[in-house]
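Everything below concerns the one structure shown next.
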Amino acid sequence: MNKGVDPSATVLDIMKEQMVQVCKEFLFSKPKTWRHFGLQLVFFLSGLTFIFALFLMTWSILFRLRMRKTKGKRREYPALEKGAYDVVIVGAGPAGSTCAYYLAKAGRNVLLLEKKKFPRDKFCGDAVCTQALDIMDDMIAAPSEGAPAEGESVLDCIMREGKGHPASNGGLVSPSGFSYIGSSAENLVPENADKNVKRLDRAPVIAIKRIHMDEKLAKAAEYAGAHLVEERSVENAVFDNVKKVWRVNTVKEDGSKEEETYTGRIVVCADGAPSRLAMKLGLVSSPPQGICSRAFVEGKTHNFGADGLVFYPRDLLPGYCAVFRHPNDELNFCTYIIPGNPKVTNDDLTRLHHDIMTKDPFVSRAIGPNAVVERMKAGSLRLGGISKSYAEQLVVIGDAAGQIDPLTGEGIHHAMVAGKMASETLIEAFSYPDFSEQFLKNYHKSWYSAFGWDFAMSMKLAIVLYKFPIILDAATKALEAKGDEFLAEWAKVMTGQRPKTYFFRPDVSLVMTWELIKLVITAPFRR
């Protein structure tokens with residue numbers, strides 16, 4: 001009998017102990033050959049992969065449990081008084097109008113309040129991404145001159161009137177000046193599509209001026225049955241705990257300052273990034289964190305040749321600037337200040353906007369020396385989502401809820417998706433009825449599980465890109481190496497069709513890592 005072996009142990013126990021001993025010596029001993037080292041490395045990486053997969057699986061299960069919807073309960077509410085609305089929506093931007101449209105289509109009595117009179121402008125990059133385009137394609141537009149008799153979608157109406165320009169080709173310029181311009185539209189396939197489904201026949205982004213888009217959406221909501229009231233500024237909203245309704249106090253914005261109060265069972269705050277109403281009601285407690293500029297460039301006065309191009313000036317990171325082509329060869333030049341750079345504040349916007357346009361070697365070349373540029377305008381950005389977008393008989397949607405990506409500054413598609421989600425939650429709430437805070441939390445769970453969770457990754461990536469601009473250089477070199485198909489996947493991530501975790505897929509991260517290694521090695525020779 002071998003020394004150290006338990007006399008009572010079975011043959012199986014002895015073999016198991018010997019196997020463990022051999023594995024320990026093989027895995028943890030100093031490698032004697034390259035083959036030995038390779039096998040150790042394979043075992044080590046396999047173990048890490050297993051642990052990471054186990055972590056992801058556990059996180060996914062816990063996340064799904066946390067996002068599980070609450071079932072509604074039938075609750076008693078006093079009858080609505082005459083002239084009251086089921087839902088009062090404050091703000092007729094993309095989020096508010098989308099929510100109003102689907103509620104009205106479901107037969108709810110909806111009031112849609114807008115501070116200005118349409119057509120009215122809104123300052124942003126005007127880049128409308130795929131998810132928003134899908135909703136606009138689903139919404140029926142109000143009848144207009146030249147429209148087909150059977151009706152048309154909001155998107156078809158905008159394109160028929162020549163008010164949208166597809167960004168079929170575009171790309172980016174990295175902090176060090178590496179660039180790639182290609183066609184992402186030709187390589188985009190709809191998500192969850194069958195292998196035989198043809199590629200998309202439209203671009204992932206269409207440039208549409210907000211002065212056109214917002215009016216079309218609001219009028220579509222009105223055509224669906226919502227009551228649209230323009231030039232009404234909301235001063236406050238007071239909850240009547242006895243009759244279980246909101247009293248929304250407004251002032252006429254036409255100079256008369258005429259006051260009027262509207263009553264509704266539910267209030268939806270969709271009044272933009274500053275969100276005066278949500279702040280008064282306590283769901284928003286801080287000012288918007290970011291800001292963006294906009295300046296239109298007159299057609300035929302510039303040198304720009306692509307449909308859309310994103311520039312990453314080193315001093316602006318993690319912010320960026322972009323140029324998008326509109327119909328009639330007009331351009332939208334915009335600059336985004338994103339939190340993460342301690343050397344840049346929102347107060348620097350005007351200086352950076354003009355300096356980049358005139359002094360940045362890549363932007364100034366694209367704009368040209370003879371460009372006719374309008375005076376810069378600016379809009380605030382509430383980024384990353386608020387922690388609570390619901391309360392008793394109240395929800396907050398769109399920019400007011402901070403549903404803007406902290407990495408890209410894109411918010412139109414998130415706003416419209418959230419507006420539709422809010423309408424679905426409210427339609428279900430009326431079926432019980434149950435307008436409690438517990439049930440309306442389902443709306444928050446819907447948008448958070450759809451895209452809100454990705455905002456945390458965006459915030460982290462924004463900090464990383466500020467500290468390590470070379471990553472953007474490597475990404476651009478990867479685009480050069482892999483071509484338009486890789487650009488199409490990049491476009492999906494940057495337009496919200498895929499989460500930022502896509503960058504960690506092996507087929508993506510390995511390409512970018514290889515380009516990063518080459519840049520680091522060749523850096524001394526490029527100086």
Side-chain angles (χ1 to χ4, degrees), residues 87 89-168 200-232 253-254 270 272 294 296 299 307 324-332 398 412-413 415-417 419-420 423:
V87 183
I89 300 176
V90 180
S97 293
T98 300
C99 186
Y101 176 87
Y102 286 102
L103 284 169
K105 289 283 284 185
R108 303 323 310 183
N109 186 15
V110 183
L111 173 65
L112 181 59
L113 296 171
E114 169 57 36
K115 183 177 181 180
K116 304 292 184 180
K117 182 173 178 59
F118 288 110
R120 58 104 174 99
D121 205 356
K122 173 71 168 63
F123 313 133
C124 76
D126 295 335
V128 186
C129 302
T130 299
Q131 291 167 300
L133 297 173
D134 290 341
I135 293 175
M136 292 168 66
D137 205 25
D138 184 59
M139 296 173 68
I140 302 301
S144 61
E145 185 178 349
E150 65 275 12
E152 61 185 343
S153 72
V154 170
L155 181 59
D156 287 342
C157 180
I158 288 173
M159 299 307 291
R160 175 179 58 79
E161 294 178 357
K163 294 176 179 177
H165 183 85
S168 299
L200 291 178
D201 56 1
R202 73 160 187 245
V205 173
I206 297 179
I208 307 171
K209 288 185 178 181
R210 293 289 298 276
I211 196 170
H212 304 313
M213 174 181 169
D214 288 18
E215 181 177 23
K216 292 293 185 186
L217 292 173
K219 296 300 182 182
E222 184 179 39
Y223 182 61
H227 182 200
L228 174 63
V229 177
E230 301 172 58
E231 295 184 290
R232 279 286 170 185
E253 284 287 320
D254 62 355
R294 188 207 72 188
F296 287 125
D307 289 322
F324 289 101
R325 185 185 301 278
H326 279 278
N328 302 318
D329 197 43
E330 193 174 13
L331 302 180
N332 179 343
I412 294 175
H413 58 285
M416 295 183 70
V417 169
K420 188 176 181 182
S423 72

* **Side chain to side chain, I158 and I206, heavy atoms closer than 4.5 Å** => no
* Asked: How far apart are the closest heavy atoms of N332 and G125, and which atoms are they?
  -> ND2-O, 3.2 Å
* Structure fact -> Taken in chain and number order and not counting sequence neighbours, the residues that satisfy side chain to side chain contact (heavy atoms under 4.5 Å, CB included) with K219 are A142, E215, E222, L228, E230
* Between D138 and Y102, does any side-chain donor sit less than 3.5 Å from a side-chain acceptor? -> yes
* Asked: CE/M159 to CD/E152 distance, rounded to the nearest 0.5 angstrom?
  -> 12.0 Å
* **Gap separating the CG atom of D307 from the CG atom of L331, nearest 0.5 angstrom** => 10.5 Å
* **I412 vs M213, side chain to side chain contact (heavy atoms under 4.5 Å, CB included): CA-CA, chis, key distance, verdict** => CA-CA 11 Å; I412 294 175; M213 174 181 169; 3.5 Å; yes
* Asked: Shortest non-hydrogen contact from L112 to A221?
  -> CD2-CB, 4.2 Å
* Asked: What's the shortest heavy-atom distance between A224 and A104, and which atoms?
  -> O-CB, 3.7 Å
* **P94 and R210, any side-chain heavy atoms less than 4.5 Å apart** => yes
* Shortest non-hydrogen contact from K117 to R120? -> O-CB, 3.6 Å
* **Enclosure of K105 NZ (heavy-atom neighbours >12, cutoff 6.0 Å)** => no
* Structure fact -> To the nearest 0.5 Å, atom CD of E253 lies from atom NZ of K116 at 6.0 Å
* To do: Kindly compute the distance separating CG (L103) from OG (S423), expressed to the nearest 0.5 Å.
  => 5.0 Å
* Mind running side chain to side chain contact (heavy atoms under 4.5 Å, CB included) on F296 and D126 for me, showing each step along the way? => CA-CA 11 Å; F296 287 125; D126 295 335; 3.4 Å; yes
* Asked: Taking all non-hydrogen atoms of both residues, which atom of A218 and which atom of S97 are closest, and how far apart?
  -> CA-OG, 3.4 Å
* Verify side chain to side chain contact (heavy atoms under 4.5 Å, CB included) between S144 and R160, making sure each step is shown before the conclusion. => CA-CA 11 Å; S144 61; R160 175 179 58 79; 3.1 Å; yes
* **Spatial distance of atom CD (E114) from atom CG (D214) [nearest 0.5 Å]** => 8.0 Å
* **Side chain T98, main chain K420, donor-acceptor under 3.5 Å** => no
* **From CA spacing to verdict: side chain to side chain contact (heavy atoms under 4.5 Å, CB included), Y223, I140** => CA-CA 8 Å; Y223 182 61; I140 302 301; 4.2 Å; yes
* List the atom of R232, the atom of L113, and the distance in Å for their closest heavy-atom pair. => CB-CD2, 4.2 Å
* Asked: So with a 6.0 Å cut-off around CD of E145, is the heavy-atom count from everything else above 12?
  -> no
* To do: Please report the C-alpha distance between R294 and D121 in whole Å, then the side-chain angles of each, then the deciding distance to 0.1 Å, and finally whether the salt bridge (Lys or Arg N to Asp or Glu O under 4.0 Å) criterion is met.
  => CA-CA 11 Å; R294 188 207 72 188; D121 205 356; 3.0 Å; yes
* Asked: Distance from K216 atom NZ to L155 atom CG, nearest 0.5 Å?
  -> 12.0 Å
* With sequence neighbours left out, what residues match A415 under side chain to side chain contact (heavy atoms under 4.5 Å, CB included)? -> A95
* To do: State, with a plain yes or no, whether a side-chain heavy atom of M416 is found less than 4.5 Å away from one of M136.
  => yes
